[in-house]
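What follows is a set of notes on a single structure, which appears directly below.
All values reported here derive from a predicted model rather than from experimental measurement.
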Amino acid sequence: MHMNRIRRFGIVNAFLVREDDGLTLIDTTLPRSAKAILSAASALGAPIVRIALTHAHSDHVGSLDALAAALPGVEVLITERDARFLAGDTSLDAEEPQSRLRGGYPQVRTRPTGALVPGGRVGSLEVIAAPGHTPGHVAFLDTRDRTLYCGDAFSTLGGVATTAKVNPRFPLPAMATWDKPTEIATARALRALDPARLAPGHGPVVENPGGAMDAAIAKAS
Ligand SMILES: [Zn+2]
């Protein structure tokens with residue numbers, strides 16, 4: 001297993017993914033989580049060499065500035081689209097659905113060192129376009145074991161659900177979704193990858209998630 005989950009306050013995840021050159025941190029959870037994340041990395045005996053962000057919401061980039069300060073030289077990667085939010089630009093492009101942006105998009109001091117491009121790679125992770133929850137959201141597929149780090153495209157807290165439709169047992173992620181039709185199309189595309197396990201931003205890691213993803217998509221469609 002290449003994956004290590006860091007859970008904050010019972011509801012928010014970050015993941016440390018082991019690579020030959022150190023650890024890739026996927027998302028940074030909420031503010032004031034840097035210490036917990038750094039101690040999880042040191043328990044694994046490897047340095048965090050890069051931070052890859054699924055999207056720009058506050059519960060995913062909350063500890064980015066603190067971690068970037070604590071890890072000089074760390075690579076910081078996000079899509080160009082969601083990087084605009086981090087820089088304080090909350091405009092939508094003319095060709096995008098003009099749905100209302102929801103959830104917190106904080107401005108941060110840290111500047112990305114590079115851009116995530118769907119189809120590209122971050123170590124063993126393939127970058128997968130997953131827009132809908134935010135305009136520039138991505139997922140990561142570990143090509144070694146087909147773990148899908150889906151960010152907020154799916155949540156598994158209170159059962160596997162897309163974030164296109166509010167799950168009454170854990171409504172938070174769906175309440176922050178930007179464009180529902182785009183998010184449903186993404187949920188279908190991620191399901192088609194046939195992941196071996198689903199590692200979301202919120203909730204437990206789910207093994208063999210195909211059937212549950214199908215049911216979640218049917219519920220949201
Ligand atoms: Zn989110």
- Query: Checking E95 side chain against D93 main chain: does a donor-acceptor pair fall under 3.5 Å?
  - Reply: no
- Task: Measure across G103 and A176 and return the closest heavy-atom pair with its distance rounded to 0.1 Å.
- Result: CA-CB, 3.9 Å
- D65 side chain vs T110 backbone, donor-acceptor pair below 3.5 Å: yes
- Parallel, tilted or perpendicular, as decided by the 30° and 60° cut-offs, for the rings of H55 and H133: perpendicular
- Quick one: are the ring centres of Y105 and F85 less than 6.0 Å apart? yes
- Message: Would the distance check show the side chain of E183 and the main-chain N or O of T177 forming a donor-acceptor pair, the cut-off being under 3.5 Å?
- Response: no
- Tell me whether V61 is reachable from I48 by hopping between hydrophobic residues (I, L, V, M, F, W, Y) whose side-chain heavy atoms are closer than 4.5 Å. yes
- Could you walk me through whether E126 and R146 pass the salt bridge (charged side-chain N to carboxylate O under 4.0 Å, His left out) check? CA-CA 10 Å; E126 188 183 339; R146 299 200 70 74; over 6 Å; no
- When clusters are formed by joining ILVMFWY residues with side-chain heavy atoms under 4.5 Å apart, either directly or through shared neighbours, do I6 and L67 land in the same one? yes
- Rounded to the nearest 0.5 Å, how far does CZ of F170 lie from CG of L157? 5.0 Å
- Query: Do any N or O atoms from the side chain of T156 and from the backbone of G159 form a donor-acceptor pair under 3.5 angstrom?
  - Reply: no
- Message: With a 3.5 Å distance limit and no angle check, can you tell me whether W178 reaches the backbone of R102 through a side-chain donor-acceptor pair?
- Response: no
- Should P173 and N167 count as side-chain neighbours, where that means a heavy-atom distance under 4.5 Å? no
- Cluster check L116, Y149: I/L/V/M/F/W/Y, side chain < 4.5 angstrom: yes
- Task: State yes or no: do I128 and I217 share one hydrophobic cluster built from I, L, V, M, F, W and Y residues joined by side-chain heavy-atom distances below 4.5 Å, directly or via other members?
- Result: yes
- State, with a plain yes or no, whether a side-chain heavy atom of L77 is found less than 4.5 Å away from one of P112. no
- Query: Where is the tightest heavy-atom contact between T162 and F154, given as atom of each residue plus distance?
  - Reply: CG2-CE2, 3.8 Å
- Task: Starting from the C-alpha separation in whole Å, work towards a yes-or-no answer on salt bridge (charged side-chain N to carboxylate O under 4.0 Å, His left out) for R50 and D21.
- Result: CA-CA 10 Å; R50 63 187 75 79; D21 62 348; 2.5 Å; yes
- Task: For side-chain hydrogen bond (donor to acceptor under 3.5 Å, both in side chains), just list the numbers for H60 and D152, CA-CA rounded to whole Å, side-chain angles, deciding distance to a tenth of an Å, and then say yes or no.
- Result: CA-CA 9 Å; H60 295 255; D152 285 356; 3.0 Å; yes
- When rounded to the nearest 0.5 angstrom, what distance separates CD1 in I184 from NZ in K165? 9.5 Å
- Item | Shortest non-hydrogen contact between C150 and A139, atoms and distance | CA-CB, 4.0 Å
- Task: Would you indicate whether the side-chain heavy atoms of L44 and R18 approach each other to under 4.5 Å?
- Result: yes
- Query: What's the verdict on salt bridge (charged side-chain N to carboxylate O under 4.0 Å, His left out) for R81 and E96, showing C-alpha distance, side-chain angles and the deciding distance?
  - Reply: CA-CA 11 Å; R81 181 66 192 87; E96 288 175 335; 2.7 Å; yes
- Query: If you look at every heavy atom in T24 and A52, which pair is closest and at what distance?
  - Reply: CG2-CB, 4.2 Å
- Item | Separation of M3 CE from L16 CG (nearest 0.5 Å) | 11.0 Å
- Just checking, any donor-acceptor pair under 3.5 angstrom between side chains of S124 and D142? no
- Query: Counting only heavy atoms not in R5, do more than 12 sit closer than 6.0 Å to its CZ atom?
  - Reply: yes
- Message: In the structure I gave you, are the side-chain heavy atoms of T29 and D59 within less than 4.5 Å of one another anywhere?
- Response: no
- Query: Should L141 and T147 be marked as a side chain to side chain contact (heavy atoms under 4.5 Å, CB included) after you check the CA-CA gap, both sets of side-chain angles, and the distance that decides it?
  - Reply: CA-CA 6 Å; L141 181 69; T147 300; over 6 Å; no
- Query: Heavy-atom distance under 4.5 Å between the side chains of P209 and P195, does that happen here?
  - Reply: yes
- Item | Under 3.5 Å: donor-acceptor pair, side chain of T79, backbone of G136 | yes
- Query: Distance from N4 atom CG to I26 atom CD1, nearest 0.5 Å?
  - Reply: 11.0 Å
- Do we see a donor-acceptor contact under 3.5 Å between the side chains of D179 and S99? yes
- For atom CZ of R111, decide whether the heavy atoms of other residues, nucleotides or ligands shown that lie under 6.0 angstrom number more than 12. yes
- Exam field: side chain S63 to backbone S33, donor-acceptor pair closer than 3.5 Å: yes
- Test side chain to side chain contact (heavy atoms under 4.5 Å, CB included) on T134 and T54 and set out the steps. CA-CA 9 Å; T134 67; T54 59; over 6 Å; no
- Under 4.5 Å between side-chain heavy atoms, hopping through other hydrophobics if needed: is there a path connecting V166 to L172? no
- Message: As a quick check of understanding, evaluate side chain to side chain contact (heavy atoms under 4.5 Å, CB included) for L148 and R197, giving each step before the final call.
- Response: CA-CA 6 Å; L148 180 65; R197 67 190 58 76; over 6 Å; no
- What is the minimum heavy-atom distance between P131 and T186, and which atoms define it? O-OG1, 2.7 Å
- Query: Under 4.5 Å between any side-chain heavy atoms of Q107 and L86, yes or no?
  - Reply: no
- Calculate, to the nearest 0.5 Å, the distance between atoms CZ and CG belonging to F15 and D27 respectively. 8.5 Å
- Message: Regarding R121 and T143, do their side chains bring together a donor and an acceptor under 3.5 Å, going by distance alone?
- Response: yes
- Message: If we ignore hydrogens and angles and just use 3.5 Å, is the side chain of N13 paired with the main-chain N or O of P200 as donor and acceptor?
- Response: yes
- Message: Go through it in stages, so that I can follow the logic: the residues are R144 and V17, the test is side chain to side chain contact (heavy atoms under 4.5 Å, CB included), and I'd like the CA-CA distance, side-chain angles, deciding distance and then a yes or no.
- Response: CA-CA 11 Å; R144 298 168 295 188; V17 181; 3.4 Å; yes
- Query: Within a reach of under 6.0 Å around CZ of R84, are more than 12 heavy atoms found that belong to other residues, nucleotides or ligands?
  - Reply: yes
- Task: Could you pull out the closest heavy-atom pair between I11 and H202, with the gap in Å?
- Result: O-ND1, 2.8 Å
- Task: Give, for atom CG of L23 and atom CD1 of I51, the distance between the pair rounded to the nearest 0.5 Å.
- Result: 11.5 Å
